[in-house]
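Here is the structure we will look at, set down as structure tokens.
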Amino acid sequence: MKVELIDLKKRYEEEREDLLNIFDSVLKNGSLVLTDEVKNFENNITNYTGAKYCVGLNSGTDALMMSLWSLGITKGDEVITSPVSFIASVGAIIHVGAKPVFVDVKEDLNINEELIENAITDKTKAIMPVHWSGKICNMDKINKIAKKYNLLVIEDAAQGMGSYYNNRHSGTFGKIASFSAHPLKNLNAVGDAGFVITDSEELNDKIKLYRNHGMESRDNVKIFGVNSRLDSLHAEILTYRLKKLKSVIKKRRSNVEIYRKYIETEKVILPNENPNSYDSYVMFITLSEKRDELQKFLESKNIQSLIYYGTPLHLHKASKILGYKKGDFKMAEELCDKVISFPHHQYLSEEQIKFVSDSINLFYN
């Protein structure tokens with residue numbers, strides 16, 4: 001039995017006819033840049049999340065950089081964030097000229113809100129929590145700290161579509177939030193795509209101008225901007241897939257519960273979910289002893305898995321300029337030695353999940 005980690009091939013088999021119809025519908029209009037498809041997608045996202053505004057962009061990375069830029073974060077500013085994330089989280093801060101300041105994580109891989117105040121200096125401008133794997137951080141505590149010190153909150157919600165905390169959608173707790181629609185996300189385009197949401201009309205207007213070269217019209221450039229427009233084809237596919245997002249997440253959550261039923265070993269710690277949270281499980285990340293050996297064993301059984309990620313952000317070669325060293329964030333380092341993601345996508349059968357679980361139990365036995 002072969003068990004694949006990613007669902008993209010299966011998803012195309014299921015959606016092929018609909019996707020080809022979308023492709024035909026968009027292309028035959030003869031217009032592909034900032035069309036009604038993009039506006040429609042942005043409106044659908046605001047309806048889904050409860051935010052007032054949405055701007056479609058060409059990647060989650062650009063969404064994060066523009067979130068920082070729109071708030072005036074620049075050279076000399078410090079942004080507090082987590083050392084457990086994709087490198088884009090730090091890269092976005094660096095690219096606007098600011099300095100990332102890391103705070104260690106809790107066992108759920110999210111920033112430890114109890115340590116944030118100790119990292120605040122007179123240069124701190126913002127807190128940027130990362131909702132890792134679709135689990136929303138403790139935004140009540142983070143917002144309370146931000147208010148106390150007059151700091152901005154920027155949510156890195158790249159993996160947060162469909163996640164809720166106290167019945168509020170991710171990205172609606174801070175001043176602005178960035179999302180990714182990369183193919184590996186629950187809401188995914190067929191290439192790179194992203195968007196921001198905010199309740200601020202000012203930020204919405206700034207980013208809309210900036211994403212399109214700063215042009216108010218074809219012959220009127222107000223500021224020097226960039227090209228970060230969401231493609232019309234991506235927008236229409238995302239609108240189509242947004243209608244299916246709740247069912248996709250529901251099935252993935254159900255699959256996680258099946259793993260809870262079949263995994264017996266105590267050497268694998270499965271993610272817990274807080275009573276006031278609804279996690280979207282972009283990845284099903286566990287903490288497993290002898291992680292590397294387990295992955296090789298699963299591979300021998302034709303089971304795919306993913307180390308997501310094995311290196312905390314402060315220990316990458318690119319991060320040497322920040323002055324951190326091994327041992328600075330012990331929890332992040334310890335957990336990154338254990339993280340491994342098992343297949344949990346919506347096309348798995350219970351038989352396949354049982355096979356993966358039995359293989360895991362066998363390895364430890």
Side-chain angles (χ1 to χ4, degrees), residues 60-146 148-160 163 165 170-171 173-180 194 196 282 308-309 311-316 318-325 328-333 335-336 339:
T61 303
D62 269 15
L64 198 52
M65 283 196 291
M66 290 190 197
S67 296
L68 293 157
W69 167 83
S70 69
L71 289 168
I73 293 173
T74 187
K75 186 175 181 179
D77 294 333
E78 293 180 352
V79 179
I80 293 173
T81 192
S82 166
V84 175
S85 183
F86 180 54
I87 195 66
S89 299
V90 178
I93 298 171
I94 293 290
H95 281 302
V96 298
K99 178 185 177 182
V101 174
F102 295 121
V103 165
D104 211 348
V105 297
K106 301 179 292 186
E107 193 164 302
D108 66 0
L109 298 170
N110 277 346
I111 192 169
N112 188 336
E113 66 278 359
E114 300 298 334
L115 303 177
I116 289 176
E117 285 194 80
N118 291 335
I120 295 173
T121 71
D122 57 2
K123 294 181 180 180
T124 306
K125 187 74 172 286
I127 305 170
M128 192 179 82
V130 180
H131 304 318
W132 194 233
S133 77
K135 178 182 287 293
I136 299 178
C137 300
N138 186 339
M139 296 307 301
D140 292 336
K141 179 71 173 180
I142 290 171
N143 278 339
K144 186 176 180 180
I145 294 170
K148 178 180 178 181
Y149 293 93
N150 194 29
L151 302 175
L152 298 164
V153 175
I154 302 156
E155 291 177 70
D156 183 341
Q159 302 180 357
S163 293
Y165 177 80
S170 67
F173 297 89
K175 189 72 174 176
I176 195 169
S178 64
F179 291 79
S180 170
V196 298
V282 171
Y308 194 79
Y309 291 98
T311 304
L313 295 180
H314 67 290
L315 295 182
H316 282 286
S319 299
K320 285 185 177 180
I321 60 171
L322 302 177
Y324 294 111
K325 64 183 183 302
D328 283 345
F329 305 103
K330 293 182 179 179
M331 180 63 79
E333 294 170 23
L335 298 182
C336 284
V339 291

Kindly compute the distance separating NE2 (H316) from CD1 (I87), expressed to the nearest 0.5 Å.
4.5 Å

Whether Y324 side chain and F102 backbone form a donor-acceptor pair below 3.5 Å
yes

When you look at NZ of K106, are more than 12 heavy atoms from neighbouring residues, nucleotides or ligands closer to it than 6.0 Å?
yes

Answer yes or no: are there more than 12 heavy-atom neighbours, outside E117 itself, under 6.0 Å from its atom CD?
yes

Non-hydrogen atoms of V84 and S82 that approach each other most closely:
N-OG, 3.0 Å

Nearest heavy-atom approach of L322 to P100 is CD2-CD, 3.7 Å

In this structure, CD of Q159 is separated from NZ of K135 (nearest 0.5 Å) by 12.5 Å

Is the ring pair W132/Y308 parallel, tilted or perpendicular, if the boundaries are 30 and 60 degrees?
parallel

Flag, side chain of E155 to backbone of S170, donor-acceptor distance under 3.5 Å:
no

With rounding to the nearest 0.5 Å, note down the distance linking CG in D140 to CD1 in I142.
9.5 Å

Using modelled atom types and a 3.5 Å cut-off, is there a donor and acceptor pairing between side-chain atoms of S70 and backbone atoms of M66?
yes

Let me confirm one number: the CG-OG distance from L64 to S89, rounded to the nearest 0.5 Å.
6.0 Å

Quick check: closest heavy atoms across Y309 and C336, and the distance to 0.1 Å?
O-SG, 3.6 Å

From D104 CG over to I116 CD1, what is the distance, rounded to the nearest 0.5 angstrom?
12.0 Å

Got a second to check how far I136's CD1 is from D108's CG, nearest 0.5 Å?
12.0 Å

pair D156-S178: side-chain heavy atoms closer than 4.5 Å:
yes

Return yes if some donor-acceptor pair links the side-chain N/O of E78 with the main-chain N/O of K123 below 3.5 Å, else return no.
no

